[in-house]
Student: 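Below is a structure I'd like to ask you about.
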Amino acid sequence: MSLRLRRPLAAGCAAVATGPAAPAAAMGAAPPSIPLPADAQSLLAAAGPQAARIEWLWWVYVAVVVAVYVAVTIALCSALWRGRRPEAGQADPRLDARLGRGVAAAVAATVAVLIGLLAATLPIDRQLARAERDQAITVEITAQQWWWRIEYDDPTPSLRVTTANELVIPAGEPVRLRLLAQDVIHSFWVPRLHGKADMIPGQQNAITIQADAPGVYRGQCAEFCGLQHARMALLVEALPRADFEAWLTAQRAAAAAPADAAARRGREVFRSAGCPLCHAIRGTGAFASLGPDLTHLASRRTLAAGSLPNARGPLAGWIADPQHGKPGARMPAVPLPAADLEPLLAYLGSLR
Ligand code: CUA
């Protein structure tokens, strides 16, 4: 079973999409989808120790709230059923005393329940706040309208890695996340790995996440941050340690040199079409940081913060008309003749 996340797609993709899907896309058929497991974003499918604590607390709250609801309903029904009232003008001191005791008992029970919930919450909060020792990896994540900059720390500056919207971590290890915001308040939330953590301009928050098993976990900005808040998604991919090391090594490399004439032409288009004003591709002299780093764009699963699958057609549509797939996106439309768009797609598609 898989969750198919359907997204509208710029008509432009159809024009340059290749392969059997092209005619269907041109006729307005179902847009490409991003296949993910059905529980990729479920709080009730904890995939690590931090999320497991939150899930346990969630069930405690559900049990207590259901018990309170049942108790109140029984008390209400019982009161309606008995319906005893003193005759008009006749006080009943015994009934008054019993009602007084009932109200006092209900207040005491309410206070006890609230204190009990607080007592259950505080240790979990402390455990989540405690930084795990021996974290080999620290990743800085900066939220901005409407995507995630992801930077892997390293004491050696040349070994730092910058990517976007897809956080890759080793499975079974705690990873420290430093959470920042560039413009407005956002919130980091990958329900299978941790609770929500605010990302506030000018302030650094930190959480530790751990995925016990390899897999892909979906996250979502959880604080309204503007027009495209709903399309500010994030994928976390947990890999076995060796695969993670290989991924990190590959990400540290500068962009591969174009392998053929089309890709070489595409690199020239990238340089001349204004792309380097916002984007970086290491090894090409493009180093702007307004938009996502594109050095290894083709290695990612999605475009536009989880809005589109990373494939040739959607990428073409995204370049030609970003406002169609993601209204409000900061990416300006880059109208290019097909003679330029085709090589640009070939070049971007080669950035693995
Ligand atoms: Cu970022 Cu909501």
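As the structure is a prediction and not an experimental result, all values here were calculated from the model. Whatever order the structure lists ligands and atoms in, that order sets their numbers, starting from 1. Values below: every heavy atom of this structure, side chains too, minus hydrogens, waters and symmetry copies.
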Student: Under 4.5 Å between side-chain heavy atoms, hopping through other hydrophobics if needed: is there a path connecting W189 to W147?
Tutor: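 Unlinked, W189 and W147 end up in two clusters.
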Student: What N, O or S atom of H186 is found closest to atom 1 (Cu) of ligand 1?
Tutor: ND1
Student: Checking side-chain polar atoms at under 3.5 Å, does T208 have a donor or acceptor matched by the opposite partner on Q50?
Tutor: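 No donor-acceptor contact under 3.5 Å links the two side chains.
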Student: Out of the N/O/S atoms in E223, what is the name of the one closest to atom 2 (Cu) of ligand 1?
Tutor: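 For E223, the N/O/S atom sitting closest to atom 2 (Cu) of ligand 1 is O.
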Student: In H229, the N, O or S atom nearest to atom 2 (Cu) of ligand 1 is which?
Tutor: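 Answer by atom name: ND1.
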Student: May I have the step-by-step check of side chain to side chain donor-acceptor pair (under 3.5 Å) for S299 and Q251, ending in yes or no?
Tutor: CA-CA 9 Å; S299 70; Q251 294 286 317; 3.2 Å; yes
Student: From the options T295, L294, I150, select the one residue that forms a side-chain contact (heavy atoms from CB on, under 4.5 Å) with T163.
Tutor: I150
Student: Look at atom CZ of F287 and say whether more than 12 heavy atoms of other residues, nucleotides or ligands are closer to it than 6.0 Å.
Tutor: no
Student: Could you grab the angle centred on atom 2 (Cu) of ligand 1, going from SG in C225 to SG in C221, to 10°?
Tutor: 120°
Student: Output yes if M232 passes the N/O/S-under-2.8 Å test against atom 1 (Cu) of ligand 1; output no otherwise.
Tutor: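 Checking atom 1 (Cu) of ligand 1 against M232, an N, O or S atom does fall under 2.8 Å.
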